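Predicted model, so just to flag it, every value in this text is computed and none were measured.
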Amino acid sequence: KNTSPGDLRRGTEISQTRGFDLMRLPCVSSEKHAQIENYSLFLLSNTPKSRILPCFFRETRPNREFRPVSSKQHAQIGNSGPFPPRKRTPIPKSGPLAYFCPAMEKTDEYIVSARKYRPATFDSVVGQAALTTTLKNAIKNNKLAHAYLFCGPRGVGKTSCARIFAKTINCMNLTPEGEACNTCESCRSFNEQRSLNIHELDAASNNSVDDIRSLIEQVRIPPQVGRYKVYIIDEVHMLSQAAFNAFLKTLEEPPHYAIFILATTEKHKILPTILSRCQVYDFARISVADVVRHLQYVAQKEGVQAEAEALNVIAQKADGGMRDALSIFDQAVSYTGGNVTYKAVIENLNVLDYDYYFRLTDAMLTGDIRTALLILNEILEKGFDGQHIVTGLASHFRDLLVCRDERTLVLLEIGASIREQYRTMANRCSDAWLYQAIDLANECDLHFRESRNKRLLLELTLIQLCQLRDAPETTIAEAKKKSD
């Protein structure tokens with residue numbers, strides 16, 4: 001009631017967080033706070049214009065809950081003059097006020113590993129050493145471009161690198177390694193999520209021309225603290241054609257203090273005129289070995305016992321994405337209760353055990369058709385899809401092929417204990433047999449979707465594979481012609 005409009009305007013410049021205790025507002029004195037606290041709560045809304053929204057409450061007894069004040073009661077309060085001094089009421093730990101006060105947020109809440117172990121420095125980014133080194137050298141040499149495009153598959157660190165880069169270029173005391181210091185005002189404001197120099201925009205939900213115009217208006221305002229204002233636009237390929245065209249001029253000649261970082265998983269959908277205005281960084285899929293090492297680090301930090309083979313299965317299932325790997329790891333930890341074993345992981349993820357592929361290969365090499373059909377029936381009874389079986393079998397033959405030469409052994413992405421089994425089985429197979437086996441498995445995979453009797457197609461493929469044991473060494477083309 002006794003706060004002037006000028007004080008409220010100054011209050012909007014404090015932060016864009018979703019809630020604040022009134023004592024943190026310099027425009028509200030302790031005397032005014034005592035008068036206001038039991039009747040009104042001023043919140044700073046998390047909107048681009050940071051409007052202050054008054055949400056009025058009154059205290060009711062005896063349960064001391066906070067309930068909304070009606071318009072009639074609000075009029076009575078506004079006309080009643082200064083309030084008598086009252087004993088300050090403690091902020092409740094539950095109820096509507098606890099949601100709006102950051103000081104009351106619980107600190108013991110469970111945080112998923114993908115968020116808890118999100119990279120905070122360039123050195124902590126996994127599997128992207130070339131890109132992070134390039135960005136660090138650009139910051140050291142003060143050779144920053146005005147626009148960057150980070151593209152690559154999901155979960156490889158695009159948004160994380162964009163945030164680290166935005167934080168580092170505004171750091172006032174860089175370390176000798178080119179990392180942010182985490183002690184200056186700019187770093188602390190970023191870590192506390194109250195920085196006004198770093199703006200993130202989700203292009204999937206803000207893809208219109210009006211959204212881009214609003215962004216262009218924000219770009220015109222120089223930073224109040226720090227050197228650069230960084231705009232991170234995630235999923236930029238979702239922008240409409242008109243929005244891309246409206247963004248072209250600003251992206252080509254922005255103010256000297258503005259830097260744009262665009263992130264996308266579908267680079268081919270970006271207009272060539274946008275690509276030509278950006279430095280393009282292609283993020284690669286993270287290798288299985290790097291994912292396993294990081295999972296071992298997380299398991300050590302969390303006090304979880306994890307077998308190397310189990311982590312290898314998780315890394316292969318993640319398909320090069322660290323976020324997917326950490327999510328699967330959390331699922332496996334919940335399933336096993338903190339003791340992640342190979343057997344538990346393949347049961348939880350419904351992954352076919354290597355042992356089935358070795359048994360099938362042994363039956364094929366000995367020509368035992370009936371044993372191969374019984375193994376297939378056992379796999380199908382466990383609920384595995386037929387196409388999953390044939391693709392896994394083709395991958396198994398490929399791994400056996402690369403095991404036959406020391407030079408190609410680096411292409412084998414499996415654990416150390418199973419690697420020895422592959423070497424032993426590979427010595428029993430000739431290159432010509434593996435060529436034909438891979439070709440037959442691939443043909444089955446191609447025709448599986450259009451086949452009406454899928455089980456018969458699988459069984460026929462296994463019969464053909466079992467009959468390859470006495471086949472003479474032929475080329476792939478000759479084997480394909482024979483199967484046709």
Indicate the atoms forming the closest heavy-atom contact of A258 with V219, along with that distance.
CB-CG1, 4.0 Å
Whether the Y342 and N312 side chains hold a donor-acceptor pair (N or O, under 3.5 Å, no angle test) is what I'd like checked.
no
Under 3.5 Å, is there a donor-acceptor pair linking the side chains of T336 and N339?
no
For the residue pair N350 / K382, report whether a side-chain donor-acceptor contact shorter than 3.5 Å exists.
no
So E459 and L376, side chain to side chain contact (heavy atoms under 4.5 Å, CB included) or not? Walk me through it.
CA-CA 8 Å; E459 293 174 342; L376 175 62; 3.7 Å; yes
Between H396 and F358, is a ring pair (Phe, Tyr, Trp, His ring centres under 6.0 Å) present by the stated rule, with each step listed?
CA-CA 9 Å; H396 175 72; F358 284 117; 5.2 Å; yes
So, applying side chain to side chain contact (heavy atoms under 4.5 Å, CB included) with F244, which one of T273, V236, V209 is it?
V236
Test salt bridge (Lys or Arg N to Asp or Glu O under 4.0 Å) on R194 and E185; report intermediate values, then the result.
CA-CA 11 Å; R194 55 182 178 85; E185 174 59 27; 3.2 Å; yes
Ignoring hydrogens and geometry, is there a side-chain-to-backbone donor-acceptor pair from R404 to L400 under 3.5 Å?
no
Side chain to side chain, I274 and L262, heavy atoms closer than 4.5 Å:
yes
Side chain to side chain, D211 and L239, heavy atoms closer than 4.5 Å:
no
Apply side chain to side chain contact (heavy atoms under 4.5 Å, CB included) to the pair V333 and E302, showing each step before the final yes or no.
CA-CA 10 Å; V333 170; E302 295 293 320; over 6 Å; no
Looking at every heavy atom in both G127 and D290, which two are closest together, and how far apart are they?
CA-OD2, 3.9 Å
Counting only heavy atoms not in Q387, do more than 12 sit closer than 6.0 Å to its CD atom?
yes
List the steps and the verdict of side chain to side chain contact (heavy atoms under 4.5 Å, CB included) for D324 and K317.
CA-CA 8 Å; D324 292 354; K317 189 75 172 179; over 6 Å; no
For salt bridge (Lys or Arg N to Asp or Glu O under 4.0 Å), just list the numbers for E192 and R188, CA-CA rounded to whole Å, side-chain angles, deciding distance to a tenth of an Å, and then say yes or no.
CA-CA 6 Å; E192 296 171 5; R188 283 189 282 112; 5.2 Å; no
Look at atom CZ of R154 and say whether more than 12 heavy atoms of other residues, nucleotides or ligands are closer to it than 6.0 Å.
no
Does the R227 side chain pair with the main chain of C171, one donor and one acceptor, at a distance under 3.5 Å?
yes
Donor-acceptor pair, N206 side chain versus D202 backbone, under 3.5 Å?
yes
Are there over 12 heavy-atom neighbours, none belonging to Y335, within less than 6.0 Å of that residue's OH?
yes
Sub-4.5 Å side-chain heavy-atom contact between L365 and W433
yes
Using modelled atom types only, decide if a donor and an acceptor are shared between the side chain of T408 and the backbone of V402 within a distance under 3.5 Å.
yes
Distance from D385 atom CG to K454 atom NZ, nearest 0.5 Å?
9.0 Å
Output for pair (L149 CG, D282 CG), nearest 0.5 Å, gives 8.0 Å
One pair to check against side chain to side chain contact (heavy atoms under 4.5 Å, CB included): E235 and E266. What are the steps and the verdict?
CA-CA 8 Å; E235 303 297 337; E266 302 184 31; over 6 Å; no
Any idea which heavy atoms bring V291 and A315 closest together, and the distance?
CG1-CB, 3.6 Å
Start with the C-alpha distance between D123 and K136, add both sets of side-chain angles, then the distance that settles salt bridge (Lys or Arg N to Asp or Glu O under 4.0 Å), and finish with yes or no.
CA-CA 10 Å; D123 290 338; K136 288 168 65 174; 3.2 Å; yes
Applying side chain to side chain donor-acceptor pair (under 3.5 Å), run through S327 and D330 and close with a yes or a no.
CA-CA 5 Å; S327 299; D330 289 344; 5.8 Å; no
Which of these, F247, Y148, F260, sits in a ring pair (Phe, Tyr, Trp, His ring centres under 6.0 Å) with Y231?
F260
Flag yes if more than 12 heavy atoms outside Q305 fall under 6.0 Å of its CD atom; otherwise flag no.
no
N137 side chain to K143 side chain, donor-acceptor N/O pair below 3.5 angstrom
no
